[in-house]
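Input: a single structure, listed below in structure tokens.
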Amino acid sequence: MKPLIRVIKHNTHPGEILNDLIIEPNNLNIEEASKLLGITKATLSDIINGKGSITNIIATSISKAFGGSPAFWVRLQAVYNSRKEKEREEKGSLKVLPDEEDDFFDDFENDFDKSEWTW
């Protein structure tokens, strides 16, 4: 089977989604939204502008203020971060170890699988 190709080329930051789907439709400004979330205006501004991350604590605040699941926002951030690292790797700015240096992890995984755990 052929691998799926991502059609959307823009890596959307979750702050953009927060702004476009929650803050703007509710006619909130940064100050009002930051008060509802219990975070500073600067923190919210950074998130909306893609310079800050939605942490577990902020995701919980979003959930309490606007509904939904904190896990949703955390996953959005994780996917964004993952795609960002993939972009860095593709640009060559992320160092990738040669195959022979990956042996440590192979051995570790094999040892881990063989170990017996008692609970």
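- With values rounded to the nearest 0.5 angstrom, Y80 atom OH is found 5.5 Å from N11 atom CG.
- We find that R88 and E85 are joined by a salt bridge, their nearest charged nitrogen and carboxylate oxygen being less than 4.0 Å apart.
- Counting Ile, Leu, Val, Met, Phe, Trp and Tyr side chains that sit under 4.5 Å apart, directly or through other members, I17 shares a hydrophobic cluster with L18, L21, I22, I23, L28, I30, L36, L37, I39, L44, I47, I48, I54, I58, I62, F66, F72, W73, L76.
- Annotation: side chain to side chain donor-acceptor pair (under 3.5 Å) contacts involving residues 16-26, sequence neighbours excluded, comprise H10-E16, N19-E24.
- Applying the side chain to side chain donor-acceptor pair (under 3.5 Å) definition to pairs two or more places apart or across chains, none involves residues 54-68.
- Between E87 and K91, none of the side-chain N atoms (NZ, or NE/NH1/NH2) sits under 4.0 Å from a carboxylate O, so this pair counts as no salt bridge.
- Qualifying side chain to side chain contact (heavy atoms under 4.5 Å, CB included) partners for N29, counting only residues two or more places apart in sequence or in other chains: E31, E32.
- Partners of S45 according to the side chain to side chain contact (heavy atoms under 4.5 Å, CB included) rule, which considers only residues two or more places apart in sequence or in another chain, are N49.
- H13 places no side-chain N or O within 3.5 Å of a backbone atom of K51 that could act as its donor or acceptor partner.
- A search for side chain to side chain contact (heavy atoms under 4.5 Å, CB included) contacts involving A71 returns S69, R75, not counting sequence neighbours.
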